Amino acid sequence: MDDFKNHKSFADLAFKYKKLWTPAMLGVFEKMIRTQSWWDTVDAISAKLVGGLIQQFPTDLMPHMEKWITDAESFWIQRCALIFQLSYKDETNEDMLFRFCAIRMKDSEFFIRKAIGWSLRQYSKNNPSAVRRFIEANSEELSPLSKREGSKYI
């Protein structure tokens, strides 16, 4: 498992055996994100694998996202912290979502700006008024891309 040259296949295999996951899998998923990263693999790993793992072990693993959002080495790890809740719907930790968006909203990295918008857009399907308030309150600091993506359904 030291070599993740084919992230997509490994991600599919890992998801298939979701019932066997333990909190230790977060380290494997993190390594997948940190090695040979690109948006398509990171997005699948973040939403399906990391997101699913944290839903299974929230007490053990949620604190890791608090570290990942400020990771100094990898904006892909930061992106994962922004989008791991994409499929959570009503279970989204709204406070965490908005705090993480606020932490990264001045970032100039395209993939971070896009992730902020995407996470806001997804959550707006469940709580459009909260997303609208967040975007309005942070309109000066959010990038046009984040605002446009986040406002798509409100």
Side-chain angles (χ1 to χ4, degrees), residues 1-107 109-131 133-135 138 142 146 149-150 152-153:
M1 250 193 271
D2 289 334
D3 188 12
F4 296 119
K5 289 194 186 310
N6 193 344
H7 284 55
K8 179 87 170 108
S9 296
F10 187 81
D12 291 342
L13 186 63
F15 190 74
K16 181 177 179 178
Y17 292 99
K18 182 177 182 171
K19 291 180 181 179
L20 302 176
W21 289 354
T22 68
M25 288 299 293
L26 186 64
V28 175
F29 300 158
E30 179 180 1
K31 186 169 183 176
M32 291 170 67
I33 293 167
R34 289 187 186 277
T35 59
Q36 302 177 1
S37 303
W38 194 238
W39 67 267
D40 57 346
T41 53
V42 169
D43 292 356
I45 294 164
S46 300
K48 288 179 87 174
L49 303 183
V50 174
L53 185 66
I54 292 174
Q55 280 186 306
Q56 286 185 18
F57 306 101
T59 306
D60 294 332
L61 300 179
M62 199 66 89
H64 290 274
M65 296 302 100
E66 298 285 348
K67 296 174 187 165
W68 285 22
I69 194 63
T70 58
D71 188 273
E73 297 175 14
S74 173
F75 70 83
W76 296 112
I77 292 292
Q78 296 167 7
R79 181 176 171 94
C80 178
L82 287 163
I83 65 173
F84 80 94
Q85 297 188 84
L86 284 178
S87 64
Y88 284 20
K89 299 181 182 180
D90 288 333
E91 296 177 21
T92 299
N93 181 325
E94 182 179 291
D95 174 63
M96 179 179 274
L97 171 66
F98 291 151
R99 276 189 307 104
F100 284 9
C101 289
I103 288 169
R104 301 268 38 124
M105 70 182 157
K106 294 181 182 176
D107 201 308
E109 172 58 52
F110 169 82
F111 290 105
I112 294 297
R113 290 177 171 193
K114 187 76 170 180
I116 290 169
W118 189 16
S119 62
L120 293 171
R121 181 180 70 225
Q122 282 300 108
Y123 188 55
S124 75
K125 294 175 183 178
N126 293 85
N127 195 340
S129 59
V131 172
R133 283 191 305 272
F134 178 81
I135 291 172
N138 296 285
L142 283 167
S146 297
E149 290 292 321
K152 192 170 186 173
Y153 298 127

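In this text, all values refer to a predicted model and were calculated from it rather than measured experimentally.
One finds a salt bridge joining Asp71 and Arg34 here, because a Lys/Arg side-chain nitrogen approaches an Asp/Glu carboxylate oxygen to under 4.0 Å. Ionic pairing of Arg104 and Glu109 is not present here: no N-O contact between side-chain nitrogen and carboxylate oxygen is shorter than 4.0 angstrom.
Side-chain contact between Arg99 and Ile69 is absent, with no heavy atoms from C-beta onward closer than 4.5 Å. Between Ile45 and Cys80 the shortest side-chain heavy-atom distance does not fall below 4.5 Å.
For the residue pair Tyr153 and Ser124, the shortest heavy atom distance occurs at CB-OG, 3.7 Å. Here the shortest heavy-atom pairing between Tyr88 and Thr92 reads CB-OG1, 3.5 Å. Between Ile135 and Leu142, the closest heavy-atom pair is CA-CD1, 3.9 Å. Listed here is the closest heavy atom pair of Leu82 and Cys101: CD2-N, 3.9 Å. Nearest approach of Leu86 to Ser119, heavy atoms of both residues: CD2-CA, 3.9 Å.
Rounded to the nearest 0.5 Å, atoms NZ (Lys89) and CD (Gln122) are 9.0 Å apart. The CH2 atom of Trp76 sits 9.5 Å away from the CH2 atom of Trp39 when rounded to the nearest 0.5 Å. One distance of note links OH of Tyr123 with CD of Gln85; it measures 9.0 Å at 0.5 Å rounding. In this structure, Asp43 CG and Lys48 NZ are separated by 12.5 Å, a value rounded to the nearest 0.5 Å. One distance of note links CD of Gln55 with CE of Met62; it measures 8.5 Å at 0.5 Å rounding. From Phe57, atom CZ reaches atom NE2 of His64 across 12.0 Å, with rounding to the nearest 0.5 Å.
Asn127 and Ser129 form a side-chain donor-acceptor contact under 3.5 Å, judged by distance and modelled atom types alone.
The closest donor-acceptor contact from the side chain of Ser146 to the backbone of Arg113 lies under 3.5 Å.
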Legend entry - Derivation of the side-chain contact (heavy atoms from CB on, under 4.5 Å) call for Gln78 and Thr70: CA-CA 6 Å; Gln78 296 167 7; Thr70 58; over 6 Å; no
Legend entry - Candidate pair Phe84 and Phe29, rule side-chain contact (heavy atoms from CB on, under 4.5 Å), full reasoning: CA-CA 12 Å; Phe84 80 94; Phe29 300 158; over 6 Å; no
Inset, instruction - Report the C-alpha distance between Phe111 and Trp118 in whole Å, list the side-chain angles of each, state the deciding distance to 0.1 Å, and finish with yes or no for ring pair (Phe, Tyr, Trp, His ring centres under 6.0 Å). - result: CA-CA 10 Å; Phe111 290 105; Trp118 189 16; over 10 Å; no
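For the side chain to side chain contact (heavy atoms under 4.5 Å, CB included) with Leu26, the lone residue among Asp60, Leu49, Leu53 that qualifies is Leu53.
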